[in-house]
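Order of the sequence lines sets the chain letters (A, B, ...), proteins ahead of strands, with each chain counted from 1.
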Protein chains: 2
Amino acid sequence: MMVMEKGIDSAFEAVPVVETGTLGKAIAVLELVSTAQTPLRFTEILALSGQPRGTLHRQLSHLVGEGLLSLGSDLRYEPGMRLLKLASNAWAKNQFRTVAEPHLKRLHDRTGETVHLGVLHGREIIYLDKVESRQAVRMNSQIGNASPVYCTGVGKAALSVLPEDRLADLVGQLSFQAYTPNTHLSAAALMDELLAVRLAGYAFDREEHESGIRCVAAPIYAQRHGVVAGVSVTGPAYRVSMEQLELWAASVCDAARAIEQEVDVRLGPGR
Amino acid sequence: MMVMEKGIDSAFEAVPVVETGTLGKAIAVLELVSTAQTPLRFTEILALSGQPRGTLHRQLSHLVGEGLLSLGSDLRYEPGMRLLKLASNAWAKNQFRTVAEPHLKRLHDRTGETVHLGVLHGREIIYLDKVESRQAVRMNSQIGNASPVYCTGVGKAALSVLPEDRLADLVGQLSFQAYTPNTHLSAAALMDELLAVRLAGYAFDREEHESGIRCVAAPIYAQRHGVVAGVSVTGPAYRVSMEQLELWAASVCDAARAIEQEVDVRLGPGR
DNA sequence: AAATCAAGTTCCATATATTGGAATAAATAA
DNA sequence: TTATTTATTCCAATATATGGAACTTGATTT
């Protein structure tokens, strides 16, 4: 039943490959409610989840009892505060993030643009940290945010260092969506670009995820820690030319390599 | 078995009052790992959790399978990326936060100091949002962070609007810790101050949680939504005098009342 | 190398919690 | 009021979790 070697699974699989029992079903309900655009009523969840009434009712009451969901007086379920608390802990103590932090700052000092740190989780990139020029818009909006691998700089950088078989697996499971006119829409197109990324050692996002936003990213492969990740420098197209990004590529790669090394030193042999 | 009226439970109880079955036990393990200062090995968790070996092993494997924990190649368990993703969704879509946001910004514009929005969850305050002057230090550190009710401005403000019986319950369960020389250390002392807070309509934090940090806070009681919360303006003692805070109190109260009203309008009758 | 020890994993009969259909109750509308 | 939708509770059947013990694995010592 355990099909993967232990340890390095986290970066590759989000959807359970192992049995997760009743917990898995409960978390599926949690995800459903937490992904919904607006608080849901019992019947709506019933329809979406496909669970039997009695079962769903108990699952929800358990989730509410744990503070993972909250039930308003209007009988609508929405994500609970405990999720924030758990995640806050997770984020604050994350060793990979802690190690990377100063390097992100330095990269930001050099470029003056927004720096992202994202890790590969299943078929998505989850942003772990961000250093922003000024607090222009919402500052936290990005952290914990999940974005597609195939149209973000960090995503393509991360993919470029995956072992061949893992990559094939993952790309096979992707479904492509045209966020902008520049978004890659086929596995073939993506694989083609990954070839170029592997040669250069860094990846661009040429307004593929969001019009008017481009970035340059470099991969971080912390094998021992089972982390496949990436750093990027992002900016608005009107201010940051592709030539500029090209010039920054070296710095981004430096930062990535520095993080990689420090992670290996700090979390590697010692642990 | 259900002892509380439905709907308004979320703000008052964090620890399960209802049975939460196997989910509860799994989440307890998750919390344990996620609260630890450093990634834990199986045996350490075994000792801390008090569960039998076989049981714990399965719980952990389910949590890992769901991406809530991750297991490194060094056989240490640490919080998984999925927590961040779930929380990010929860935060981004939180209606209370969304409604409050512009009011927080306005309050920040008026005062120039850091503005916090925190909600009462069980015996703690969980920070839901923050508007900061400049990105001095870590900007995200505060969101999702849990702080004691008895020594934060937001905490005392929130307590001041709780119904008598709920308040008694909650205060009875507190255990006090001296974060600074100014921290209240007894239920009596806290209740005394709450009396004053109720009269004034706002609360101070006189360097009770962190030396050199003071704030003024006002309560938000969104009954319909089952939310007890608070807004605050926080600053370093060297720059912000108590007199200054006193002057800001009116603005803070205005913001709180505005949020209260808008929540009632937007989430109240319509839903 | 072999032996020892510690840490992690699997096994399986038993106990228990989950399951899910159906009945009930509560809220809302006609 | 009655009708109707929606939420909650009930309970026998069943699947899942439980937990002690056996087993593996890997490191350390003799």
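The residues Lys85(A) and Glu124(B) are annotated as salt-bridged, a charged nitrogen and a carboxylate oxygen being separated by less than 4.0 angstrom.
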Donor-acceptor pairs are to be reported for all side-chain atoms of residues 23-39 of chain B against protein atoms at under 3.5 Å, with residues two or more places apart or in another chain.
unit_1: Glu31(B); atom_1: OE1; unit_2: Arg82(A); atom_2: NE; d: 3.1
unit_1: Glu31(B); atom_1: OE1; unit_2: Arg82(A); atom_2: NH2; d: 2.5
unit_1: Thr35(B); atom_1: OG1; unit_2: Glu31(B); atom_2: O; d: 2.5

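Candidate nucleotides dT16(D), dT18(D), dG20(C) were compared by shortest atom distance to the side chain of Gln51(A), and dG20(C) ranks first. Closest to the Tyr77(A) side chain, of the nucleotides dT8(D), dT9(C), dA17(D), is dT8(D).
The closest side-chain donor-acceptor pair between His225(B) and Glu78(A) falls under 3.5 angstrom.
Counting only distance, with no hydrogens or angles, the side chain of Arg97(A) and the backbone of Leu128(A) share no donor-acceptor pair below 3.5 Å. Between the side chain of Ser49(B) and the backbone N or O of Ile45(B), at least one donor-acceptor pair lies under 3.5 Å.
We find that CG of Leu75(B) is positioned 13 Å from C1' of dT24(D), with the value rounded to whole Å. Atom CG of Leu23(A) is separated from atom P of dT16(D) by 14 Å (rounded to the nearest Å). dT9(D) atom C1' lies 16 Å from atom CD of Glu19(B), rounded to whole Å. Going from atom CZ of Arg76(A) over to atom P of dT6(D) covers 11 Å, rounded to whole Å. Rounded to whole Å, the distance from CG on Asp74(A) to P on dT28(C) is 10 Å.
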Working for side-chain contact (heavy atoms from CB on, under 4.5 Å), residues His121(B) and Val228(B): CA-CA 8 Å; His121(B) 184 249; Val228(B) 179; over 6 Å; no
Check against side-chain contact (heavy atoms from CB on, under 4.5 Å), Phe96(A) and Val119(A): CA-CA 10 Å; Phe96(A) 179 63; Val119(A) 310; 3.7 Å; yes
side-chain hydrogen bond (donor to acceptor under 3.5 Å, both in side chains) assessment of Thr152(B) paired with Ser147(B): CA-CA 7 Å; Thr152(B) 54; Ser147(B) 295; over 6 Å; no
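Of the residues in residues 52-63 of chain B, Arg53(B), Gly54(B), His57(B) come within less than 4.0 Å of DNA chain C through at least one heavy atom, sorted by number. For the contact set between residues 41-50 of chain B and DNA chain C, defined by any heavy atom under 4.0 Å, the members are Arg41(B), Phe42(B), Thr43(B).
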